[in-house]
Protein chains: 2
Amino acid sequence: MSKVEPARLFSALGDATRLSMLSRLSDGCTLSIVQLGDGLAISRQGVAKHLDVLHGAGLVDRRKSGREVHYALRREAIEAARTWLDEVNSQWDGTLARLKAFVEDGDG
Amino acid sequence: MSKVEPARLFSALGDATRLSMLSRLSDGCTLSIVQLGDGLAISRQGVAKHLDVLHGAGLVDRRKSGREVHYALRREAIEAARTWLDEVNSQWDGTLARLKAFVEDGDG
DNA sequence: CATATAGGCAACCTCCTGGGTGCCTATATG
DNA sequence: CATATAGGCACCCAGGAGGTTGCCTATATG
């Protein structure tokens with residue numbers, strides 16, 4: 001799973017329920033399915049499916065402990081998503097910089 | 001549309017076709033529907049639908065010019081997505097920093 | 001051992017999404 | 001003016017996503 005596809009990553013992030021789960025994990029804690037679904041108004045199975053999506057996208061780690069399964073945020077995935085966005089921004093910046101240089105060179 | 005919801009934003013980003021469109025716009029250029037669909041192996045209507053999604057999420061600006069409609073990347077939206085990811089990361093960082101301080105205080 | 005709790009599996013349902021087509025309007029252009 | 005081109009609108013279709021329920025296994029615990 002070294003190569004994380006951006007589309008899958010963003011797709012997994014594209015759901016408010018999953019974002020709230022990730023927020024809950026964002027302090028580095030590790031939570032079970034029941035804990036993650038607490039207060040979410042959807043069934044335990046619904047929660048499990050969301051976690052499958054997050055795990056499939058590489059956004060969370062899954063670790064079995066006794067009869068529980070604990071989930072933790074995978075920071076690399078968050079950074080992979082950020083990297084994609086950064087590339088878009090830097091390309092924009094690069095173009096503006098080149099444009100600025102061109103204008104200044106020709107005009108000034 | 002000042003308030004961009006992260007879920008909708010990421011959802012719009014969660015498609016390889018749309019990501020490629022955004023990449024094509026990432027240098028700040030402005031392209032028509034036909035231009036954006038060039039080489040994409042989907043119909044013009046398919047392209048238009050993807051652009052509707054991107055526009056609905058606030059990721060692109062739409063500007064009519066003659067008989068064409070030109071699309072341009074909205075950088076604010078990209079930054080909004082980055083901000084969400086940054087918040088997750090910073091919360092993690094904060095927790096690790098506090099943990100580190102606690103350990104060093106108690107142990108050293 | 002009996003029971004409660006955490007989770008998995010599979011079936012099912014509904015709605016959205018990604019894709020298409022056909023036909024319409026509007027703008028360029030010979 | 002006739003024609004070509006850019007888009008829009010409406011409808012259609014198949015498949016996936018989000019959600020549920022029922023029933024199963026596995027681990028704790030009185």
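Quick note on labels: first sequence line is chain A, next is B, and so on, each numbered from 1.
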Q: Do A:Val53 and A:Lys49 come within less than 4.5 Å of each other through their side chains, counting heavy atoms only?
A: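 A side-chain contact under 4.5 Å is absent here.
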Q: Within this structure, what is the CG-to-P distance between A:Leu36 and C:dA6, rounded to whole angstrom?
A: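 A:Leu36 atom CG is separated from C:dA6 atom P by 13 Å.
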Q: So if I take every side-chain heavy atom of B:His50 and compare against D:dA28, C:dG18, D:dG18, which nucleotide ends up nearest?
A: C:dG18
Q: Figure out the CD/P separation between A:Gln45 and D:dC24, and round it to whole Å.
A: 15 Å
Q: Whether B:Ser43 contacts C:dG20 is assessed here as follows: a side-chain N or O lying under 4.0 Å from the phosphate OP1 or OP2. Is that the case?
A: yes
Q: Counting only side-chain N and O atoms of B:Thr17, is one of them less than 4.0 Å from OP1 or OP2 of C:dG18?
A: no
Q: Applying a 4.0 Å non-hydrogen cut-off, can you work out what A:Gly66 is touching in the nucleic acid: base, sugar-phosphate, or nothing?
A: sugar-phosphate
Q: For the side-chain hydrogen bond (donor to acceptor under 3.5 Å, both in side chains) test, which of A:Gln35, A:Arg62, A:Arg63 pairs with A:Tyr71?
A: A:Arg62
Q: Using atom CZ of B:Arg63 as one end and atom P of D:dA6 as the other, report the distance to the nearest whole Å.
A: 18 Å
Q: In whole angstrom, give the distance that lies between atom CZ of A:Phe10 and atom P of C:dT17.
A: 19 Å
Q: So what does A:Arg18 hit on the nucleic acid, given a heavy-atom distance under 4.0 Å: a base, only sugar-phosphate, or nothing?
A: sugar-phosphate
Q: For the side chain of B:Ile42, counting heavy atoms from C-beta on, which of D:dG7, C:dA6, C:dG19 is nearest?
A: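 From the listed options, C:dG19 comes nearest.
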Q: From CG of A:Asp38 over to P of C:dT5, roughly how many Å is that when rounded to an integer?
A: 15 Å
Q: Quick one: B:Arg67 CZ to C:dT29 C1', roughly how many Å, whole number?
A: 8 Å
Q: Taking the minimum atom-to-atom distance to the side chain of A:Asp15, which one of D:dA4, D:dG18, C:dA6 wins?
A: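 Looking only at side-chain atoms, A:Asp15 lies closest to D:dG18.
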Q: Atom CG of B:Leu19 to atom C1' of C:dG18: distance rounded to whole Å?
A: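 After rounding, the reported distance stands at 15 Å.
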Q: Measuring from atom CD of A:Glu87 to atom CG of B:Leu22, what distance do you get when rounded to the nearest 0.5 angstrom?
A: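 Reported value, rounded in 0.5 Å steps: 13.0 Å.
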Q: Quick check: on DNA chain D, is the nucleotide nearest A:Gly14 upstream (toward 5') of the one nearest B:Gln35, or the reverse? Name the residue that is more 5'.
A: B:Gln35
Q: Going by atom types alone, do A:Gln91 and B:Ser26 pair a side-chain donor with an acceptor below 3.5 Å?
A: yes
Q: Can you give me the dot-bracket string for DNA chain D, 5' to 3', counting Watson-Crick and G-U wobble pairs with both distances under 3.5 Å, using [ ] for crossing pairs and | for partners on another strand?
A: ||||||||||||||||||||||||||||||
Q: Without decimals, in angstroms, what is the distance between B:Lys64 NZ and D:dA6 P?
A: 14 Å
Q: Quick check for you: among D:dA6, C:dG7, D:dC9, whose closest atom lies nearest to any side-chain atom of B:Glu68?
A: D:dA6
Q: Where each residue is assigned the nucleotide of DNA chain D containing its nearest heavy atom, which of B:Arg44 and B:Lys49 is assigned the position nearer the 5′ end?
A: B:Arg44
Q: For residues B:Leu25 and B:Leu36, determine if any side-chain heavy atom of one lies less than 4.5 Å from a side-chain heavy atom of the other.
A: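 Side-chain contact under 4.5 Å: yes.
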Q: Under a plain distance cut-off of 3.5 Å, with no hydrogens placed, do A:Arg18 and A:His50 share a side-chain donor-acceptor pair?
A: yes
Q: Does the pair A:Asp93/B:Arg75 count as a salt bridge with the N-to-O cut at 4.0 Å?
A: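 Yes, A:Asp93 and B:Arg75 are salt-bridged.
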Q: Check whether any side-chain heavy atom of A:Leu19 sits under 4.5 Å from a side-chain heavy atom of B:Trp84, and report yes or no.
A: yes
